[in-house]
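Here is the structure we will look at, set down as structure tokens.
Counting begins at 1 with the first residue of the sequence.
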Amino acid sequence: LGVRDSWKLTEAVASDPIPSGINRVTATISANGKMELLVNEKLGATADARCVLAQAGDGLQVGDDKIKPVGNYSATRFTGSISELKLELK
């Protein structure tokens, strides 16, 4: 899970790999930049972007980073399948 504020990257990265098969991954970013990543309902990683989320410079993209990668990776296309996606604004 990655967030950039003025292109400064903050990532919440799980220490354990996601198991093969069907998994539920939940990513939460609060309005003040607190980040949480759950894998199969278990806390996998946290981070604090220490920013106030506002208008994105690069819009939300799922499965591919089409403009500029948010994280430190070179392959931008997710090759698995996503069966459900929910976006909640609180």
Side-chain angles (χ1 to χ4, degrees):
L1 173 60
V3 169
R4 286 191 185 268
D5 181 36
S6 299
W7 296 110
K8 178 187 171 281
L9 175 63
T10 301
E11 291 182 299
V13 179
S15 57
D16 295 327
I18 294 176
S20 61
I22 297 172
N23 295 279
R24 180 184 185 123
V25 178
T26 305
T28 305
I29 306 172
S30 67
N32 66 359
K34 301 279 186 196
M35 302 162 56
E36 188 174 86
L37 185 66
L38 301 174
V39 179
N40 297 320
E41 309 300 325
K42 294 181 183 174
L43 185 62
T46 61
D48 188 349
R50 300 184 191 277
C51 67
V52 175
L53 296 179
Q55 179 66 37
D58 185 0
L60 175 67
Q61 298 164 9
V62 177
D64 198 356
D65 269 345
K66 296 197 179 287
I67 297 172
K68 185 173 184 178
V70 173
N72 288 323
Y73 46 81
S74 56
T76 63
R77 187 163 187 269
F78 176 69
T79 57
S81 64
I82 298 170
S83 63
E84 182 179 6
L85 174 70
K86 292 181 182 179
L87 177 64
E88 291 183 37
L89 303 174
K90 296 182 178 183

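- The side chain to side chain contact (heavy atoms under 4.5 Å, CB included) search around V25 returns I18, L37, not counting sequence neighbours.
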### Task
Determine, step by step, whether N40 and K42 satisfy the side-chain contact (heavy atoms from CB on, under 4.5 Å) criterion, reporting the C-alpha distance in whole Å, the side-chain angles of both residues, the deciding distance to 0.1 Å, and the verdict.
CA-CA 6 Å; N40 297 320; K42 294 181 183 174; 5.6 Å; no

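- Atom CG of L1 and atom OG1 of T26 lie 11.0 Å apart (nearest 0.5 Å).
- Between T10 and M35, the closest heavy-atom pair is O-CE, 3.7 Å.
- Across R24 and E41, no two heavy atoms sit closer than the pair CD-OE2, 2.9 Å.
- A distance of 11.5 Å separates CD of E36 from CD1 of I29, quoted to the nearest 0.5 Å.
- Among residues two or more places apart in sequence or in another chain, the side chain to side chain contact (heavy atoms under 4.5 Å, CB included) test is passed with I22 by none.
- For the residue pair A14 and A45, the shortest heavy atom distance occurs at N-CB, 3.7 Å.
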